[in-house]
Participant: 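This structure is in structure tokens; I'll ask about it shortly.
Computed from a predicted model, the values in this text were never measured in an experiment. Just follow the structure's listing: the first ligand is 1, and inside any ligand the first atom is 1.
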Amino acid sequence: MTKTYASYINGEFVDTAKHFAVINPATGEVIAEVAECGEAELNAAVAAAKQAYPAWHALGPVGRAELLLKWADIMAARAAEIAELETAQTGKPIVMTESMDVPFSIDNIRFFAGAARVVPGLASAEYTPGHLSSIRREPMGVVGLISPWNYPLNMAAWKLGPSLAAGNTVVMKPASLTPLTTIEMARAAAEAGIPAGVLNVVTGPGRVVGEALVNHPDVRMISLTGDTATGKRIMAQAAGTVKKLHLELGGKAPFVVFADADMDAAVQGAAVGAFVNSGQDCTAATRVYVERAVYEEFLDRMTTRTARVKVGLPMDRDTEMGSLISVEHRDRVAGFVERARQAGATVLVGGSAPADPELAGGAYYLPTLIAGVAQDSEIVQQEVFGPVLVVLPFDTEDEAVALANDVVYGLASSVWTRDVFKANRVSGQIEAGTVWINDHITIVSEMPHGGYKQSGFGKDMSAYALEDFTQIKHVMADVTGKVVKDWHFIK
Ligand code: NDP
């Protein structure tokens with residue numbers, strides 16, 4: 001029998017009359033039924049978060065850190081179970097959820113539990129005679145968190161960690177394709193003793209629950225990870241209540257390979273960068289620019305390497321790439337490749353679903369390598385969000401930088417060279433929130449992740465994320481006790 005998952009509102013698991021199905025995209029099977037909330041449930045969650053806020057804020061960083069660490073410990077004790085659930089709802093390999101998604105989410109929460117105890121800022125000082133100024137860094141209040149389906153657990157942790165550690169209370173809306181591990185996080189939070197109303201999870205359609213969250217007058221800030229189109233819509237709607245926004249949107253990362261690069265490392269890095277999580281990663285390497293002197297060699301080697309990526313059932317331990325998130329999304333990815341083909345592109349590897357009958361029930365698509373495309377073509381300019389890598393040549397360093405920057409996105413990028421001067425010169429010129437040198441994809445809880453240009457603004461992870469989920473107050477105290485101050489011109 002399929003399991004039913006409820007929303008988590010004001011410390012209670014709340015079921016609804018209507019449900020929506022969650023499908024394992026690797027098999028096509030329904031694995032769960034989930035409460036389909038509407039505006040009434042969303043309003044109840046916001047009211048609970050508003051009520052819980054003063055006490056959660058007053059608890060202070062030490063009290064909050066203790067609860068967050070306990071929460072992380074409970075998740076760590078259930079790591080294997082959570083990894084299996086994450087694999088079931090996303091179709092990504094179990095080796096990845098076990099070694100990356102789950103431990104990294106736990107690490108993130110532990111990082112924020114500690115980081116919130118070290119609030120950086122200006123020291124108190126007298127900037128004008130007779131007045132002592134100090135800065136209070138305060139939470140926003142009730143924050144709305146909207147997460148995507150590509151890394152459901154990680155994205156929940158990236159948002160819940162800093163917002164709760166900073167003293168906010170939250171209403172989280174997970175993606176409808178992948179709400180299950182976020183609900184399990186809420187279950188662990190309840191067991192850890194995080195008070196009722198501090199963390200609420202409301203499941204249901206973005207167009208209903210998400211929009212109601214964005215429009216709610218008691219919600220002070222929205223953090224979204226998702227499509228750039230959704231980010232634009234939310235920006236327009238948030239104007240109605242002048243909400244602070246934190247948006248991590250699409251990406252189209254360039255991967256720039258100079259002729260002096262370690263070719264083995266660049267080929268391996270491009271395969272990992274492009275096909276991790278079936279390419280459904282906003283930092284995925286999507287456009288490889290190769291210096292013309294080594295272009296043919298790179299293409300040859302990349303063709304062989306791409307064909308070696310092992311696509312298979314996510315629970316098989318030697319599977320390197322599982323399914324995509326849904327059949328609809330797989331068809332969308334296939335549509336991009338088909339249109340590129342019709343426009344004259346050469347598909348060197350992949351370009352179709354795998355023939356393996358064992359995979360026929362799932363949303364699989366082969367790792368795909370494409371050459372012979374123009375810089376202004378759709379496949380180079382738009383986010384495909386699938387296992388599709390395009391390779392283009394360049395002649396000069398300036399041209400490489402210009403091509404890398406020639407998209408509307410600016411989330412991540414990488415530069416491959418043995419020349420330390422060139423690496424640092426180019427990383428200064430690329431318009432992206434992250435530049436890796438001789439690597440691609442690696443992230444750490446201590447360092448920020450976030451976009452330039454239409455990839456959004458605001459940072460995930462690091463002390464910068466804590467800053468984003470807070471606001472600054474200036475407190476200025478008169479230290480003279482005088483009735484008529486020296487500066488008064490109305491005596
Ligand atoms: P969306 O941006 O639609 O979904 C992200 C989240 O936003 C989900 O929780 C969704 O809810 C919610 N949402 C959708 N519409 C609204 C709205 N009007 N107001 C408030 N919340 C809303 O991404 P998709 O899942 O549709 O994916 C589409 C494309 O977006 C992908 O193909 C990819 O290109 C890109 N994408 C980028 C990601 C990234 O990490 N940068 C992550 C995911 C997708 P619900 O699930 O209920 O619709």
Participant: With backbone taken as N, CA, C and O and side chain as the heavy atoms from C-beta onward, which portion of Val384 lies under 4.0 Å from ligand 1: side chain, backbone, both, or neither?
Facilitator: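 No part of Val384 is near ligand 1 at this cut-off.
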
Participant: Give the atoms of ligand 1, by number and element, whose distance to some non-hydrogen atom of Gly210 is under 4.0 Å.
Facilitator: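 Those of ligand 1 that fall under 4.0 Å from Gly210 are 19 (N), 20 (C), 21 (N).
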
Participant: When you measure from the side chain of Lys243 to the backbone of Val214, do you find a donor-acceptor pair of N or O atoms at a distance under 3.5 Å?
Facilitator: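 Present.
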
Participant: Roughly how far, to the nearest 0.5 Å, is CG of Asn43 from NZ of Lys50?
Facilitator: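 Lys50 NZ to Asn43 CG: 11.5 Å, rounded to 0.5 Å.
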
Participant: How close does the nearest protein non-hydrogen atom get to atom 18 (N) of ligand 1, and which residue and atom is it?
Facilitator: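 Protein heavy atom with the smallest distance to atom 18 (N) of ligand 1: Glu211 OE2, 3.0 Å.
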
Participant: Strictly inside 4.0 angstrom of atom 26 (O) of ligand 1, do you find any protein heavy atom?
Facilitator: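 It does not; no protein heavy atom is within 4.0 Å.
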
Participant: Once rounded to the nearest 0.5 Å, what's the spacing between atom CD1 of Ile370 and atom OG1 of Thr346?
Facilitator: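 One gets 9.0 Å once the value is rounded to the nearest 0.5 Å.
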
Participant: Is there a side-chain contact between Val256 and Ser413, using heavy atoms and a 4.5 Å cut-off?
Facilitator: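 No, their side chains stay 4.5 Å or more apart.
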
Participant: Of all the atoms in ligand 1, which lie at a distance below 4.0 Å from a heavy atom belonging to Arg233?
Facilitator: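 Those qualifying, in numeric order: 18 (N).
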
Participant: Using 30° and 60° as the class limits, which term best fits the ring planes of Trp416 and Phe255: parallel, tilted or perpendicular?
Facilitator: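 Ring orientation, 0 to 90° scale: parallel.
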
Participant: Considering non-hydrogen atoms of the protein only, which is the closest contact for atom 35 (C) of ligand 1, and what is the distance?
Facilitator: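 Heavy-atom neighbour on the protein nearest atom 35 (C) of ligand 1: Glu383 OE1, 3.5 Å.
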
Participant: Where is the nearest protein heavy atom to atom 9 (O) of ligand 1: which residue, which atom, and how far?
Facilitator: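 Result: Ser147 O, 2.7 Å.
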
Participant: Just to check, does Arg332 reach to within less than 4.0 Å of ligand 1 when the distance is taken from its heavy atoms?
Facilitator: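 Yes.
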
Participant: Out of curiosity, is Ser455 lining ligand 1, as in a heavy atom under 4.0 Å away?
Facilitator: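 Heavy atoms of Ser455 never come under 4.0 Å of ligand 1.
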
Participant: Going by the atom numbers of ligand 1, which of them fall below 4.0 Å from some non-hydrogen atom of Cys282?
Facilitator: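 This gives 39 (C), 40 (O), 41 (N) as the contact atoms.
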
Participant: Is Phe385 close to ligand 1, meaning an N/O of one under 3.5 Å from an N/O of the other?
Facilitator: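 No, no N or O pair falls under 3.5 Å.
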
Participant: Using 30° and 60° as the class limits, which term best fits the ring planes of His57 and Tyr53: parallel, tilted or perpendicular?
Facilitator: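 Rings of His57 and Tyr53: parallel, as their planes differ by under 30°.
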
Participant: Regarding Lys244 and Asp468, does a basic nitrogen lie under 4.0 Å from an acidic carboxylate oxygen?
Facilitator: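 No, Lys244 and Asp468 are not salt-bridged.
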
Participant: If you have a sec, work out which protein heavy atom is nearest atom 14 (C) of ligand 1 and how many Å separate them, to one decimal?
Facilitator: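 Going by distance alone, atom 14 (C) of ligand 1 is nearest to Thr230 CG2, 3.8 Å.
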
Participant: Salt bridge check, Glu320 against Arg308: does any charged N sit closer than 4.0 Å to a carboxylate O?
Facilitator: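 No, this pair does not count.
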
Participant: List every atom of ligand 1 that sits less than 4.0 Å from any heavy atom of Pro205, numbering the atoms from 1 in the order shown and giving each element.
Facilitator: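 Result: 47 (O).
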
Participant: What protein heavy atom sits nearest atom 10 (C) of ligand 1, and how far away is it?
Facilitator: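 Protein heavy atom at minimum distance: Lys173 CE, 4.1 Å.
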
Participant: Measure from the side-chain N and O atoms of Arg330 to the backbone N and O of Ile325, and report whether any donor-acceptor pair falls under 3.5 Å.
Facilitator: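 No, because the side chain of Arg330 does not come within donor-acceptor range (under 3.5 Å) of the backbone of Ile325.
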
Participant: Side chain, backbone, both or neither: which applies to Tyr151 and ligand 1 if a contact is any heavy-atom pair less than 4.0 Å apart?
Facilitator: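 Looking at Tyr151 and ligand 1, no heavy atom falls under 4.0 Å.
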
Participant: In sequence, state the C-alpha distance, the side-chain angles, and the governing distance for Val102 and Arg78, and then conclude on side-chain contact (heavy atoms from CB on, under 4.5 Å).
Facilitator: CA-CA 10 Å; Val102 176; Arg78 291 193 194 146; over 6 Å; no

Participant: Looking only at protein heavy atoms, which one is nearest to atom 30 (O) of ligand 1, and what is the separation?
Facilitator: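 The closest one turns out to be Asp227 CB, 3.1 Å.
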
Participant: With rounding to the nearest 0.5 Å, note down the distance linking CD in Glu98 to OG1 in Thr87.
Facilitator: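 Going from CD on Glu98 over to OG1 on Thr87, the span is 7.5 Å.
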
Participant: For ligand 1, which atoms, with element, lie under 4.0 Å from some heavy atom of Ile146?
Facilitator: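 Selected atoms, number and element: 6 (C), 7 (O), 9 (O), 12 (C), 20 (C), 21 (N).
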
Participant: Run the numbers on Asp227 and Lys232 for salt bridge (Lys or Arg N to Asp or Glu O under 4.0 Å), then give the verdict.
Facilitator: CA-CA 9 Å; Asp227 197 13; Lys232 287 178 181 172; over 6 Å; no

Participant: Show me which atoms of ligand 1 lie under 4.0 Å from any heavy atom of Leu249.
Facilitator: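 That gives atoms 41 (N) of ligand 1.
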
Participant: Using a 4.0 Å cutoff against the non-hydrogen atoms of Pro148, which atoms of ligand 1 qualify?
Facilitator: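 Listed by number with element: 42 (C), 43 (C).
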
Participant: Look at the aromatic rings of His449 and Trp158 and report parallel, tilted or perpendicular, splitting at 30° and 60°.
Facilitator: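 Rings of His449 and Trp158: perpendicular, over 60°.
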
Participant: Do Gln280 and His329 have side chains that approach each other closer than 4.5 Å (heavy atoms only, starting at C-beta)?
Facilitator: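 Gln280 reaches His329 side chain to side chain.
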
Participant: Note the single closest protein heavy atom to atom 47 (O) of ligand 1, along with its residue, its atom name and the distance in Å.
Facilitator: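 The closest heavy atom on the protein side is Ser176 OG, 2.6 Å.
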
Participant: Are any non-hydrogen protein atoms located under 4.0 Å from atom 4 (O) of ligand 1?
Facilitator: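 Within 4.0 Å: no protein heavy atom nearby.
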
Participant: Under 3.5 Å between some N or O of ligand 1 and some N or O of Gln237?
Facilitator: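 Among all N and O atoms of Gln237, none is under 3.5 Å from an N or O of ligand 1.
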
Participant: Contact between His329 and ligand 1, counting heavy atoms under 4.0 Å?
Facilitator: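 The answer is yes, since His329 has a heavy atom less than 4.0 Å from ligand 1.
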
Participant: Please state which part of Val209 comes within less than 4.0 Å of ligand 1, counting heavy atoms only: side chain, backbone, both or neither.
Facilitator: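 For Val209, no heavy atom sits under 4.0 Å from ligand 1.
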
Participant: With a cut-off of 4.0 Å, which atoms of ligand 1 are near a heavy atom of Glu248?
Facilitator: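 It comes down to these atoms of ligand 1: 41 (N).
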
Participant: Among all protein heavy atoms in this structure, tell me which lies nearest to atom 13 (N) of ligand 1, with the distance rounded to 0.1 Å.
Facilitator: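 Answer for atom 13 (N) of ligand 1: Gly206 CA, 3.7 Å.
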
Participant: In Å, rounded to the nearest 0.5 Å, how long is the span from CG of Asp101 to CE of Met155?
Facilitator: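 Going from CG on Asp101 over to CE on Met155, the span is 8.5 Å.
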
